[in-house]
Amino acid sequence: MKIRLKTTTKLSLFLGLFCFVIFMISCKAPEQKAPLADLAQTPPMGWNSWNKFGCDVDENMIKEMADAMVSSGMRDVGYEFIVIDDCWQLSRDSEGNIVEDSEHFPSGIKALADYVHSKGLKFGLYSCAGTKTCQGRPGSKGYEEKDATQYAAWEVDYLKYDWCNTKGVDATQAYTKMRKALEAAGRPIVFSMCEWGRNKPWLWAEGIGHLWRTTADIQDCWDCTRDWGGMGFIKILDLQVGLEEYAGPGHWNDPDMLEVGNQGMSTTEYTAHFSLWCILAAPLMAGNDLRNMSDEIREILTNAEVIAVDQDPLGIQGRKVRDDGDFEVWSKPLADGSRVVVLFNRSSGDTKISVTWQEIELSVQEAVVRDLWKKEDLGQFQSSFSAVVPSHGVVMVKITP
Ligand code: GLA
């Protein structure tokens, strides 16, 4: 049946359509923030399974670690992410979806994420830019969108993305691809790049990852080296010199996770390791068993005054201002105009180390010095400060004009 319309009706229909088109053109969609923008404004803090447990991960252990992060007081001083590293994944289904190892994660990843969230914490996973992860589990190469969508559906908040089995892959492209996939998945997920500094990510990764590893894997030792590239605390520390200018809010150099509490170093050495990671504005991912920490280790990991140095809103990575062989002075400016100084003694005997205000660019004469490990004000000092520093240890002070 043919419908005939009057000329006036046609005219009003035309005008109506015209106005609708004009309205749609002029009515801009409200500006949407990219979901990954503005994350990690201070270095991420949390716990990761790798350093202590390697491939030996399961849902009960992860739940207990979330419980311990709360009961130890770590959550209250800023630790928030519980991250399962390699080995949670087993295969892909016929549609290419990533499938968890159901023997070790029988309740599924979503239930575990829910549990972690119920504790007021955030949940992270690990994958790899290659065909397989470093432990031979399925990698994300070719499945970036599928995996990112799955992570968002599971309510993942943090992704560590590794670099094994990437022969012929371009690092910038591979990490950009996953960044875009995460953006498209629509959930704010902190993106932790782990390509071991192979392609100097500090030169190109700002805006792709929120943090990037700068070296091969840390080992739980003072200065050991492994033939595959792993290395101890001071070897990693030395490789951070010169990278300071590349770090800032939302984009951090990552000298790898903490070994504090894993028993390969002394308490004095762990105190130095933690102090220097805080001076470096490094991500603070604990890597020990949180369920049975000694009081000494818990006190290192939860010293709020030292953590505040790491988390300072200026986000300036501290630098080594003096290197007298085994005796070093590191300094970091804070938002309140103060400087935090670490006097670091790498030698085998206790030694007095000093710092002048000039070296740390303080233009005043008099300043108040507070010892951040003793949690004690040491008084007013004129132009310089010195202290006896234990072998392999630090004295960490805040100097306020
Ligand atoms: C690489 C990473 C480590 C860890 C392992 C897991 O070595 O650098 O931090 O994630 O893979 O297999």
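Applying the side-chain hydrogen bond (donor to acceptor under 3.5 Å, both in side chains) test between Tyr126 and each of Asn48, Asp85, Asp162 identifies Asp162 as the sole match. Checking Trp154, Tyr158, Tyr161 one by one against Leu125, the side chain to side chain contact (heavy atoms under 4.5 Å, CB included) holds for a single residue, Trp154.
The local environment of NZ in Lys180 is sparse, with at most 12 non-hydrogen atoms from other residues, nucleotides or ligands closer than 6.0 Å. Heavy atoms of other residues, nucleotides or ligands lying less than 6.0 angstrom from CD of Gln380 number more than 12. Atom CD of Gln41 has more than 12 heavy atoms from other residues, nucleotides or ligands within 6.0 Å. Other residues, nucleotides and ligands contribute more than 12 heavy atoms inside 6.0 Å of the CD atom of Glu64.
Under the 2.5 Å SG-SG cutoff, Cys134 and Cys128 do not qualify as a close cysteine pair.
Taking the six-membered ring for Trp and thresholds of 30 and 60 degrees, His251 and Trp212 have nearly parallel ring planes, at less than 30 degrees apart.
Classification of Arg213 and Asp217 as a salt-bridged pair holds, one side-chain N sitting under 4.0 Å from a carboxylate O. A salt bridge links Lys110 and Asp114; the closest N-O separation between the charged side-chain nitrogens and carboxylate oxygens is under 4.0 Å. Taking the charged nitrogens against the carboxylate oxygens, Asp336 and Lys398 do have a contact shorter than 4.0 Å, which makes a salt bridge. A salt bridge is defined here as a Lys NZ or Arg NE, NH1 or NH2 lying under 4.0 Å from an Asp or Glu carboxylate O, and Arg137 with Asp86 fails to meet this definition.
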Criterion salt bridge (Lys or Arg N to Asp or Glu O under 4.0 Å) on Arg92 and Asp147, from CA distance to verdict: CA-CA 10 Å; Arg92 290 193 181 274; Asp147 285 354; 2.9 Å; yes
Audit row: Ile399, Val341, side-chain contact (heavy atoms from CB on, under 4.5 Å) steps and yes/no: CA-CA 7 Å; Ile399 303 174; Val341 165; 3.8 Å; yes
Steps toward side-chain contact (heavy atoms from CB on, under 4.5 Å) verdict (Ser107, Leu112): CA-CA 7 Å; Ser107 313; Leu112 192 49; over 6 Å; no
Test log, rule side-chain contact (heavy atoms from CB on, under 4.5 Å), inputs Tyr270 and Asp220: CA-CA 10 Å; Tyr270 282 139; Asp220 184 21; 2.6 Å; yes
side-chain hydrogen bond (donor to acceptor under 3.5 Å, both in side chains) between Gln382 and Glu366, intermediate numbers included: CA-CA 5 Å; Gln382 305 279 336; Glu366 198 166 84; 2.6 Å; yes
Candidate pair Phe274 and Trp373, rule side-chain contact (heavy atoms from CB on, under 4.5 Å), full reasoning: CA-CA 11 Å; Phe274 194 75; Trp373 286 111; 3.9 Å; yes
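Contact check for His210 versus Ser192: no side-chain heavy atoms found under the 4.5 Å cut-off. Contact check for Leu276 versus Val342: side-chain heavy atoms found under the 4.5 Å cut-off. Within the 4.5 Å cutoff, the side chain of Thr351 has no heavy atoms near those of the Val389 side chain. Put simply, the side chain of Gln365 reaches to within 4.5 Å of the side chain of Ser383, judged on heavy atoms. Considering only heavy atoms from C-beta on, Phe191 comes within 4.5 Å of Met178 through its side chain. Using a 4.5 Å heavy-atom threshold, the side chains of Thr215 and Gln240 count as touching. By the 4.5 Å heavy-atom criterion applied to side chains, Ile360 and Phe385 are not counted as neighbours.
Within the structure, every pair that satisfies the side-chain hydrogen bond (donor to acceptor under 3.5 Å, both in side chains) test and touches residues 299-316, not counting sequence neighbours, is listed here: Thr42-Gln311, Glu305-Arg370.
Smallest separation of non-hydrogen atoms from Phe344 and Trp222: CZ-CH2, 3.6 Å.
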